[in-house]
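Taking it in order: structure first as C-alpha coordinates, then the write-up.
One-based numbering, in listed order, for ligands and for the atoms of each.
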Amino acid sequence: MKKIIVQKYGGSSLSTINKIKKVAQKIVNRFKEGEQVVVVVSAMGKETDRLLSLAHQISSSPDKREIDMLISTGEQVSIALLAMAIQQLGTEAISFTARHAGILTDEVHTKARLIEINSKKIEKALNSEKIVIVAGFQGINNHDEITTLGRGGSDLTAVALAIQLKTDLCEIYTDVDGVYTADPNLVTKAQRISEISYDEMSEMSVLGAQVMHHRAIDLARRFNLPILVKSTFRPVKGTIITKEVSMLENVIVRGVSYQKNVAKITLQGIKKNVDIACYLFEELAKKEIVIDTIVQDFYNQDTVTISFIVTEDDFITSLNIAKEVAGKIGVKEIHTNCKLAKVSIIGDGIAKEAGIASRMFRALSRAGIQMETINTSRIRISCLINQSDVEKAVNVIHDEFLLSQIEKE
Ligand code: ADP
Ligand code: ASP
Ligand code: MG
(Lines give C-alpha, C1' and ligand atoms only; values in the text may rest on other atoms or scores of the structure.)
(Ligands and ions follow the chains in the order given, each with its own letter.)
Protein backbone atom coordinates (compact mmCIF):
# COMPACT_ATOMS: atom_id res chain seq x y z
CA MET A 1 0.00 0.00 0.00
CA LYS A 2 1.21 3.50 -0.80
CA LYS A 3 2.01 5.89 1.99
CA ILE A 4 -0.39 8.82 2.46
CA ILE A 5 1.02 12.27 3.16
CA VAL A 6 -0.93 15.31 4.33
CA GLN A 7 0.43 18.75 3.56
CA LYS A 8 -1.00 22.19 4.25
CA TYR A 9 -0.20 25.39 2.37
CA GLY A 10 -1.08 28.71 4.02
CA GLY A 11 -2.51 31.80 2.37
CA SER A 12 0.83 33.54 1.94
CA SER A 13 2.11 30.56 -0.11
CA LEU A 14 -0.88 30.87 -2.45
CA SER A 15 -1.25 34.63 -2.75
CA THR A 16 -0.64 34.83 -6.52
CA ILE A 17 -1.26 32.58 -9.53
CA ASN A 18 2.47 32.29 -9.93
CA LYS A 19 2.86 30.94 -6.38
CA ILE A 20 -0.07 28.55 -6.91
CA LYS A 21 1.72 27.18 -9.98
CA LYS A 22 4.95 26.72 -8.00
CA VAL A 23 3.10 24.95 -5.18
CA ALA A 24 1.39 22.72 -7.78
CA GLN A 25 4.81 21.72 -9.14
CA LYS A 26 6.08 20.89 -5.64
CA ILE A 27 3.04 18.71 -4.98
CA VAL A 28 3.36 16.89 -8.31
CA ASN A 29 7.06 16.19 -7.64
CA ARG A 30 6.11 14.62 -4.32
CA PHE A 31 3.30 12.60 -5.91
CA LYS A 32 5.73 11.26 -8.48
CA GLU A 33 7.92 9.92 -5.68
CA GLY A 34 5.10 7.40 -5.21
CA GLU A 35 3.05 8.79 -2.35
CA GLN A 36 -0.67 9.47 -2.08
CA VAL A 37 -1.03 13.18 -1.48
CA VAL A 38 -3.72 15.10 0.40
CA VAL A 39 -3.26 18.88 0.38
CA VAL A 40 -5.11 21.26 2.68
CA VAL A 41 -5.18 24.90 1.62
CA SER A 42 -6.10 28.30 3.07
CA ALA A 43 -7.56 31.22 1.16
CA MET A 44 -5.26 33.17 -1.17
CA GLY A 45 -3.14 35.79 0.64
CA LYS A 46 -5.25 38.06 2.84
CA GLU A 47 -8.55 37.03 1.24
CA THR A 48 -10.24 36.12 4.53
CA ASP A 49 -9.42 39.59 5.92
CA ARG A 50 -10.82 41.18 2.77
CA LEU A 51 -14.06 39.21 3.02
CA LEU A 52 -14.45 40.10 6.69
CA SER A 53 -13.90 43.78 5.98
CA LEU A 54 -16.70 43.64 3.38
CA ALA A 55 -19.02 42.25 6.03
CA HIS A 56 -18.00 44.91 8.53
CA GLN A 57 -18.77 47.63 6.01
CA ILE A 58 -22.37 46.43 6.28
CA SER A 59 -22.66 45.74 10.00
CA SER A 60 -20.50 46.02 13.11
CA SER A 61 -21.76 42.62 14.30
CA PRO A 62 -22.88 40.67 11.24
CA ASP A 63 -24.84 37.43 11.58
CA LYS A 64 -22.39 34.58 12.20
CA ARG A 65 -24.05 32.11 9.87
CA GLU A 66 -23.66 34.62 7.05
CA ILE A 67 -20.04 35.29 8.06
CA ASP A 68 -19.30 31.59 7.64
CA MET A 69 -21.10 31.54 4.31
CA LEU A 70 -18.91 34.44 3.23
CA ILE A 71 -15.46 33.57 4.57
CA SER A 72 -15.58 29.91 3.58
CA THR A 73 -15.55 31.06 -0.07
CA GLY A 74 -11.87 32.04 0.16
CA GLU A 75 -10.75 28.43 0.49
CA GLN A 76 -13.12 27.32 -2.28
CA VAL A 77 -11.28 29.59 -4.71
CA SER A 78 -7.85 28.27 -3.78
CA ILE A 79 -8.76 24.56 -3.90
CA ALA A 80 -10.16 24.92 -7.42
CA LEU A 81 -7.21 26.97 -8.70
CA LEU A 82 -4.65 24.61 -7.18
CA ALA A 83 -6.44 21.56 -8.63
CA MET A 84 -6.43 23.23 -12.06
CA ALA A 85 -2.73 24.09 -11.76
CA ILE A 86 -1.94 20.43 -10.95
CA GLN A 87 -4.07 19.19 -13.82
CA GLN A 88 -2.23 21.59 -16.09
CA LEU A 89 0.97 19.71 -15.21
CA GLY A 90 -0.61 16.50 -16.48
CA THR A 91 -1.44 14.96 -13.09
CA GLU A 92 -4.95 14.18 -11.88
CA ALA A 93 -6.26 16.25 -8.98
CA ILE A 94 -9.65 16.93 -7.46
CA SER A 95 -10.79 19.70 -5.12
CA PHE A 96 -13.01 19.00 -2.11
CA THR A 97 -14.95 21.40 0.09
CA ALA A 98 -15.65 20.35 3.70
CA ARG A 99 -18.87 18.72 2.56
CA HIS A 100 -17.04 16.50 0.05
CA ALA A 101 -14.27 15.78 2.53
CA GLY A 102 -16.82 14.80 5.21
CA ILE A 103 -15.56 17.30 7.81
CA LEU A 104 -18.32 17.45 10.43
CA THR A 105 -18.41 20.08 13.16
CA ASP A 106 -20.71 21.30 15.91
CA GLU A 107 -23.09 24.18 15.29
CA VAL A 108 -21.08 27.14 16.59
CA HIS A 109 -20.60 29.47 13.66
CA THR A 110 -17.13 31.08 13.28
CA LYS A 111 -15.68 28.95 16.14
CA ALA A 112 -16.89 25.45 15.27
CA ARG A 113 -15.33 22.35 16.81
CA LEU A 114 -14.58 19.23 14.82
CA ILE A 115 -16.76 16.22 15.55
CA GLU A 116 -15.60 13.67 13.00
CA ILE A 117 -14.25 13.23 9.52
CA ASN A 118 -15.85 10.81 7.12
CA SER A 119 -12.94 10.36 4.75
CA LYS A 120 -14.42 7.75 2.40
CA LYS A 121 -14.57 10.10 -0.55
CA ILE A 122 -11.00 11.25 -0.01
CA GLU A 123 -9.74 7.66 0.18
CA LYS A 124 -11.64 6.71 -2.96
CA ALA A 125 -10.07 9.61 -4.87
CA LEU A 126 -6.60 8.74 -3.56
CA ASN A 127 -7.06 5.14 -4.65
CA SER A 128 -7.91 6.29 -8.13
CA GLU A 129 -4.52 8.03 -8.37
CA LYS A 130 -5.75 11.56 -7.77
CA ILE A 131 -4.14 14.25 -5.67
CA VAL A 132 -6.85 15.47 -3.28
CA ILE A 133 -7.05 19.19 -2.48
CA VAL A 134 -9.18 19.95 0.58
CA ALA A 135 -10.52 23.36 1.68
CA GLY A 136 -9.10 24.09 5.12
CA PHE A 137 -10.83 26.11 7.85
CA GLN A 138 -14.39 25.02 6.96
CA GLY A 139 -16.77 22.33 8.11
CA ILE A 140 -20.35 21.19 7.79
CA ASN A 141 -22.70 20.87 10.75
CA ASN A 142 -25.58 18.49 11.42
CA HIS A 143 -28.01 20.79 9.63
CA ASP A 144 -25.85 20.83 6.53
CA GLU A 145 -24.78 24.41 7.26
CA ILE A 146 -21.28 25.68 6.49
CA THR A 147 -19.20 26.46 9.58
CA THR A 148 -15.65 27.71 10.09
CA LEU A 149 -13.13 26.66 12.72
CA GLY A 150 -11.77 30.06 13.79
CA ARG A 151 -9.01 32.18 12.24
CA GLY A 152 -5.99 30.15 11.21
CA GLY A 153 -8.13 27.01 11.37
CA SER A 154 -6.76 25.31 8.26
CA ASP A 155 -3.86 24.05 10.42
CA LEU A 156 -6.49 22.19 12.41
CA THR A 157 -8.04 20.73 9.25
CA ALA A 158 -4.63 19.42 8.20
CA VAL A 159 -3.84 17.81 11.56
CA ALA A 160 -7.30 16.25 11.79
CA LEU A 161 -6.99 14.77 8.30
CA ALA A 162 -3.49 13.47 9.03
CA ILE A 163 -4.87 11.69 12.10
CA GLN A 164 -7.91 10.37 10.26
CA LEU A 165 -5.75 9.05 7.41
CA LYS A 166 -3.23 7.59 9.89
CA THR A 167 -0.16 9.37 8.52
CA ASP A 168 3.00 9.53 10.62
CA LEU A 169 3.58 13.28 10.09
CA CYS A 170 1.63 16.42 9.22
CA GLU A 171 3.54 18.85 6.98
CA ILE A 172 2.72 22.57 7.33
CA TYR A 173 4.18 24.86 4.65
CA THR A 174 4.25 28.58 5.34
CA ASP A 175 6.07 31.87 4.67
CA VAL A 176 8.68 31.51 7.45
CA ASP A 177 11.36 28.83 7.84
CA GLY A 178 9.73 27.24 10.89
CA VAL A 179 8.84 28.17 14.45
CA TYR A 180 11.09 30.91 15.84
CA THR A 181 11.93 32.15 19.33
CA ALA A 182 9.71 35.15 18.46
CA ASP A 183 7.87 36.37 15.38
CA PRO A 184 10.76 36.75 12.87
CA ASN A 185 8.85 39.56 11.18
CA LEU A 186 9.09 41.60 14.40
CA VAL A 187 12.36 40.45 15.94
CA THR A 188 15.29 40.38 13.55
CA LYS A 189 17.43 38.39 16.01
CA ALA A 190 14.82 35.62 16.41
CA GLN A 191 16.18 32.10 15.91
CA ARG A 192 14.53 29.11 14.31
CA ILE A 193 13.84 26.38 16.83
CA SER A 194 14.59 22.93 15.42
CA GLU A 195 12.42 20.97 17.87
CA ILE A 196 9.70 22.13 20.24
CA SER A 197 7.34 20.26 22.57
CA TYR A 198 3.57 20.21 22.12
CA ASP A 199 3.14 21.98 25.47
CA GLU A 200 5.40 24.89 24.62
CA MET A 201 4.10 25.24 21.07
CA SER A 202 0.50 25.15 22.21
CA GLU A 203 1.16 27.90 24.71
CA MET A 204 3.14 29.98 22.18
CA SER A 205 0.24 29.67 19.74
CA VAL A 206 -2.47 30.49 22.27
CA LEU A 207 -0.47 33.56 23.18
CA GLY A 208 -0.22 34.78 19.62
CA ALA A 209 2.34 32.84 17.52
CA GLN A 210 0.02 32.46 14.57
CA VAL A 211 2.43 30.22 12.70
CA MET A 212 0.38 27.28 14.10
CA HIS A 213 -3.17 27.20 15.43
CA HIS A 214 -3.17 26.08 19.07
CA ARG A 215 -6.09 23.69 18.57
CA ALA A 216 -4.07 21.93 15.86
CA ILE A 217 -1.25 21.42 18.38
CA ASP A 218 -3.62 20.17 21.08
CA LEU A 219 -5.16 17.66 18.68
CA ALA A 220 -1.74 16.47 17.47
CA ARG A 221 -0.62 16.02 21.10
CA ARG A 222 -3.63 13.83 21.85
CA PHE A 223 -2.75 11.47 19.00
CA ASN A 224 1.00 11.93 19.30
CA LEU A 225 1.26 13.10 15.70
CA PRO A 226 4.47 15.02 14.92
CA ILE A 227 4.09 18.23 12.92
CA LEU A 228 6.76 19.62 10.62
CA VAL A 229 6.58 23.39 10.00
CA LYS A 230 8.61 24.49 6.98
CA SER A 231 9.03 27.19 4.40
CA THR A 232 7.06 26.59 1.20
CA PHE A 233 9.70 27.94 -1.13
CA ARG A 234 13.02 27.89 0.78
CA PRO A 235 14.87 24.60 1.30
CA VAL A 236 15.38 24.96 5.07
CA LYS A 237 15.00 22.16 7.64
CA GLY A 238 12.04 23.65 9.54
CA THR A 239 10.75 22.83 13.02
CA ILE A 240 9.47 19.55 14.41
CA ILE A 241 6.70 19.81 16.98
CA THR A 242 6.70 16.66 19.02
CA LYS A 243 6.42 15.08 22.46
CA GLU A 244 10.03 14.59 23.45
CA VAL A 245 12.54 17.32 22.83
CA SER A 246 16.13 16.39 23.48
CA MET A 247 17.63 19.71 24.55
CA LEU A 248 14.74 20.97 26.67
CA GLU A 249 16.52 20.59 30.01
CA ASN A 250 18.68 23.67 29.66
CA VAL A 251 16.09 25.98 28.21
CA ILE A 252 14.18 28.14 30.67
CA VAL A 253 12.44 30.52 28.29
CA ARG A 254 11.74 29.05 24.87
CA GLY A 255 10.12 32.01 23.16
CA VAL A 256 8.22 35.30 23.26
CA SER A 257 4.72 35.68 21.82
CA TYR A 258 2.42 38.64 21.47
CA GLN A 259 -1.21 39.34 20.69
CA LYS A 260 -2.04 42.78 19.40
CA ASN A 261 -5.80 42.79 19.49
CA VAL A 262 -6.64 42.59 23.13
CA ALA A 263 -9.38 44.55 24.90
CA LYS A 264 -10.08 45.11 28.57
CA ILE A 265 -13.48 45.89 30.04
CA THR A 266 -13.74 47.13 33.62
CA LEU A 267 -16.95 47.39 35.66
CA GLN A 268 -16.53 49.66 38.67
CA GLY A 269 -18.57 50.32 41.77
CA ILE A 270 -20.59 47.10 41.89
CA LYS A 271 -22.42 46.54 45.17
CA LYS A 272 -20.66 43.79 47.06
CA ASN A 273 -23.62 41.51 47.59
CA VAL A 274 -24.52 41.22 43.98
CA ASP A 275 -23.40 37.98 42.39
CA ILE A 276 -22.21 39.78 39.32
CA ALA A 277 -19.34 37.43 38.49
CA CYS A 278 -21.67 34.46 37.90
CA TYR A 279 -24.24 36.53 36.10
CA LEU A 280 -21.88 38.42 33.78
CA PHE A 281 -19.76 35.44 32.79
CA GLU A 282 -22.79 33.22 32.23
CA GLU A 283 -24.12 35.76 29.74
CA LEU A 284 -20.74 35.97 27.99
CA ALA A 285 -20.48 32.18 27.83
CA LYS A 286 -23.89 31.96 26.17
CA LYS A 287 -22.38 33.94 23.28
CA GLU A 288 -19.35 31.58 23.13
CA ILE A 289 -17.01 34.37 24.24
CA VAL A 290 -13.75 33.07 25.62
CA ILE A 291 -12.51 35.21 28.48
CA ASP A 292 -8.79 35.50 28.89
CA THR A 293 -8.12 36.96 32.32
CA ILE A 294 -10.58 37.94 35.03
CA VAL A 295 -9.58 40.19 37.93
CA GLN A 296 -11.93 40.98 40.81
CA ASP A 297 -10.86 43.56 43.38
CA PHE A 298 -12.40 44.85 46.58
CA TYR A 299 -11.37 48.48 46.82
CA ASN A 300 -13.46 49.32 49.86
CA GLN A 301 -16.07 47.80 52.13
CA ASP A 302 -19.05 48.14 49.83
CA THR A 303 -18.01 47.88 46.21
CA VAL A 304 -16.20 45.56 43.88
CA THR A 305 -14.37 46.13 40.58
CA ILE A 306 -14.27 43.44 37.91
CA SER A 307 -12.02 43.55 34.83
CA PHE A 308 -11.86 40.97 32.10
CA ILE A 309 -9.95 40.60 28.88
CA VAL A 310 -11.25 39.47 25.51
CA THR A 311 -9.99 39.57 21.94
CA GLU A 312 -10.85 42.58 19.82
CA ASP A 313 -13.24 40.41 17.75
CA ASP A 314 -15.36 39.76 20.83
CA PHE A 315 -15.09 43.30 22.21
CA ILE A 316 -18.34 44.84 20.91
CA THR A 317 -20.48 41.83 21.87
CA SER A 318 -18.80 41.65 25.30
CA LEU A 319 -19.29 45.36 25.94
CA ASN A 320 -22.97 45.16 24.99
CA ILE A 321 -23.44 42.26 27.40
CA ALA A 322 -21.53 44.11 30.14
CA LYS A 323 -23.77 47.17 29.63
CA GLU A 324 -26.90 45.06 29.77
CA VAL A 325 -25.81 43.34 32.97
CA ALA A 326 -24.67 46.66 34.45
CA GLY A 327 -28.08 48.18 33.75
CA LYS A 328 -29.78 45.40 35.67
CA ILE A 329 -27.62 45.28 38.78
CA GLY A 330 -26.39 48.83 39.12
CA VAL A 331 -22.77 49.43 38.16
CA LYS A 332 -21.22 52.86 38.67
CA GLU A 333 -18.95 53.02 35.65
CA ILE A 334 -17.71 50.91 32.74
CA HIS A 335 -14.22 51.58 31.39
CA THR A 336 -12.79 50.06 28.24
CA ASN A 337 -9.42 49.92 26.58
CA CYS A 338 -9.26 48.20 23.23
CA LYS A 339 -5.79 49.41 22.30
CA LEU A 340 -3.99 46.84 24.39
CA ALA A 341 -1.61 44.02 23.55
CA LYS A 342 -0.38 41.01 25.46
CA VAL A 343 3.26 40.02 25.53
CA SER A 344 4.24 36.65 26.99
CA ILE A 345 7.27 34.49 27.67
CA ILE A 346 6.88 30.73 27.35
CA GLY A 347 9.10 27.90 28.53
CA ASP A 348 8.93 24.59 30.37
CA GLY A 349 11.59 25.89 32.78
CA ILE A 350 9.78 29.04 33.94
CA ALA A 351 8.22 27.56 37.07
CA LYS A 352 11.46 25.81 38.05
CA GLU A 353 13.65 28.89 38.13
CA ALA A 354 13.40 31.89 40.47
CA GLY A 355 13.53 35.45 39.22
CA ILE A 356 12.21 34.95 35.70
CA ALA A 357 9.20 37.23 36.20
CA SER A 358 11.30 40.01 37.71
CA ARG A 359 13.74 39.85 34.77
CA MET A 360 10.84 40.24 32.35
CA PHE A 361 9.33 43.17 34.28
CA ARG A 362 12.72 44.86 34.67
CA ALA A 363 13.38 44.60 30.91
CA LEU A 364 10.01 46.26 30.21
CA SER A 365 10.54 48.94 32.81
CA ARG A 366 14.04 49.76 31.51
CA ALA A 367 12.46 50.31 28.10
CA GLY A 368 9.87 52.65 29.67
CA ILE A 369 6.98 50.28 28.95
CA GLN A 370 4.10 50.33 31.41
CA MET A 371 2.40 47.08 32.35
CA GLU A 372 -1.29 46.63 33.12
CA THR A 373 -2.60 43.23 34.16
CA ILE A 374 -0.04 40.46 34.76
CA ASN A 375 -0.94 36.81 34.46
CA THR A 376 1.10 33.67 35.03
CA SER A 377 0.82 29.89 34.66
CA ARG A 378 3.24 26.98 35.04
CA ILE A 379 4.94 27.63 31.72
CA ARG A 380 4.24 31.26 30.92
CA ILE A 381 4.16 34.86 32.13
CA SER A 382 2.00 37.43 30.33
CA CYS A 383 1.69 41.21 30.67
CA LEU A 384 -0.80 43.60 29.13
CA ILE A 385 0.80 46.68 27.59
CA ASN A 386 -0.16 49.40 25.12
CA GLN A 387 -0.42 48.20 21.53
CA SER A 388 2.07 50.82 20.39
CA ASP A 389 4.78 49.29 22.64
CA VAL A 390 4.57 45.74 21.28
CA GLU A 391 7.55 45.71 18.96
CA LYS A 392 9.86 47.28 21.53
CA ALA A 393 8.58 44.98 24.29
CA VAL A 394 9.07 41.74 22.35
CA ASN A 395 12.58 42.79 21.34
CA VAL A 396 13.75 43.80 24.84
CA ILE A 397 12.37 40.61 26.37
CA HIS A 398 13.98 38.53 23.61
CA ASP A 399 17.30 40.24 24.39
CA GLU A 400 16.89 39.85 28.16
CA PHE A 401 16.60 36.07 27.90
CA LEU A 402 19.33 35.81 25.23
CA LEU A 403 16.97 33.92 22.96
CA SER A 404 19.08 34.66 19.89
CA GLN A 405 21.77 32.44 21.42
CA ILE A 406 19.66 29.46 22.43
CA GLU A 407 20.16 27.34 19.43
CA LYS A 408 22.93 27.39 16.88
CA GLU A 409 22.84 24.55 14.40
P1 ADP B 1 -0.02 30.81 6.77
O2 ADP B 1 -0.69 31.77 5.82
O3 ADP B 1 1.05 29.99 6.10
O4 ADP B 1 -0.97 30.00 7.59
P5 ADP B 1 0.38 32.54 9.03
O6 ADP B 1 0.41 33.99 8.65
O7 ADP B 1 -0.86 32.01 9.63
O8 ADP B 1 0.82 31.72 7.75
O9 ADP B 1 1.59 32.20 10.02
C10 ADP B 1 2.90 32.56 9.66
C11 ADP B 1 3.29 33.85 10.35
O12 ADP B 1 3.33 33.63 11.76
C13 ADP B 1 4.66 34.37 10.02
O14 ADP B 1 4.67 35.15 8.86
C15 ADP B 1 5.06 35.13 11.29
O16 ADP B 1 4.94 36.52 11.10
C17 ADP B 1 4.06 34.70 12.33
N18 ADP B 1 4.68 34.27 13.59
C19 ADP B 1 4.33 34.75 14.81
N20 ADP B 1 5.08 34.19 15.76
C21 ADP B 1 5.92 33.32 15.15
C22 ADP B 1 6.95 32.44 15.61
N23 ADP B 1 7.24 32.33 16.92
N24 ADP B 1 7.62 31.70 14.70
C25 ADP B 1 7.33 31.80 13.39
N26 ADP B 1 6.37 32.62 12.89
C27 ADP B 1 5.67 33.37 13.75
N1 ASP C 1 -8.14 31.56 5.66
C2 ASP C 1 -8.40 31.38 7.06
C3 ASP C 1 -7.86 32.56 7.85
O4 ASP C 1 -7.29 33.47 7.28
C5 ASP C 1 -7.85 30.08 7.59
C6 ASP C 1 -6.35 29.94 7.64
O7 ASP C 1 -5.62 30.77 7.10
O8 ASP C 1 -5.89 28.95 8.25
O9 ASP C 1 -8.04 32.60 9.04
MG1 MG D 1 -2.04 30.27 9.40
**Request:** Could you tell me whether ligand 2 has any atom less than 4.0 Å away from a heavy atom of Gly152?
**Result:** yes
**Prompt:** Which word best sums up how the rings of Tyr9 and Tyr173 line up, parallel for under 30°, tilted for 30 to 60°, or perpendicular for over 60°?
**Reply:** parallel
**Asked** Using a heavy-atom cut-off of under 4.0 Å, does the side chain or the backbone of Ser154 touch ligand 2, or both, or neither?
**Response** both
**Asked** Considering only the protein, which heavy-atom contact is closest to atom 4 (O) of ligand 2, and what is its distance?
**Response** Arg151 NH2, 2.9 Å
**Message:** Quick test: of every protein heavy atom, which one is nearest to atom 7 (O) of ligand 2, and how far off is it to 0.1 Å?
**Reply:** Ser42 OG, 3.4 Å
**Asked** Are any non-hydrogen side-chain atoms of Arg30 and Glu33 less than 4.5 angstrom apart?
**Response** yes
**Asked** Could an N or O of ligand 2 be found under 3.5 Å from any N or O of Asp155, whether backbone or side chain?
**Response** no
**Asked** Taking both backbone and side-chain atoms of Thr181, is any N or O found less than 3.5 Å from an N or O belonging to ligand 1?
**Response** no
**Request:** Evaluate salt bridge (charged side-chain N to carboxylate O under 4.0 Å, His left out) for Asp218 paired with Arg221, printing each intermediate quantity in order.
**Result:** CA-CA 5 Å; Asp218 297 343; Arg221 169 171 44 199; 2.7 Å; yes
**Protein residue, atom and distance nearest to atom 24 (N) of ligand 1, heavy-atom basis** = Tyr180 N, 2.9 Å
**Identity of the nearest option to atom 4 (O) of ligand 1, non-hydrogen atoms only, from Met201, Gln210, Lys8** = Lys8
**Request:** Answer side chain, backbone, both or neither: which part of Val211 comes under 4.0 Å from ligand 1, heavy atoms only.
**Result:** both
**Prompt:** Is it the side chain, the backbone, both or neither of Ser257 that has a heavy atom closer than 4.0 Å to ligand 1?
**Reply:** neither
**Message:** Is there a polar contact, in the sense of an N or O pair closer than 3.5 Å, between Met204 and ligand 1?
**Reply:** no
**Request:** Measure the distance from atom 25 (C) of ligand 1 to every protein heavy atom, then report the residue, atom name and distance (to 0.1 Å) of the closest one.
**Result:** Gly178 O, 3.3 Å
**Asked** Is the shortest N/O to N/O distance between Asp183 and ligand 1 below 3.5 Å?
**Response** yes
**Request:** For atom NZ of Lys19, decide whether the heavy atoms of other residues, nucleotides or ligands shown that lie under 6.0 angstrom number more than 12.
**Result:** yes
**Prompt:** Heavy-atom distance to atom 1 (N) of ligand 2: which of Lys46, Glu75, Met44 wins?
**Reply:** Glu75
**Prompt:** Between the candidates Thr174, Ile346, Asp177, Leu14, which shows the shortest non-hydrogen contact distance to atom 3 (O) of ligand 1?
**Reply:** Thr174
**Request:** Please determine which of Val23, Ile172, Asp175, Val176 meets the side-chain contact (heavy atoms from CB on, under 4.5 Å) test together with Thr232.
**Result:** Val23
**Prompt:** At a 4.0 Å cut-off, with the gap strictly under it, does some heavy atom of Gly153 reach an atom of ligand 2?
**Reply:** yes
**Item:** Other residues, nucleotides, ligands: >12 heavy atoms within 6.0 Å of Gln88 CD
**Value:** no
**Message:** So for ligand 1, is Asp155 a polar contact partner (N or O within less than 3.5 Å, distance only)?
**Reply:** no
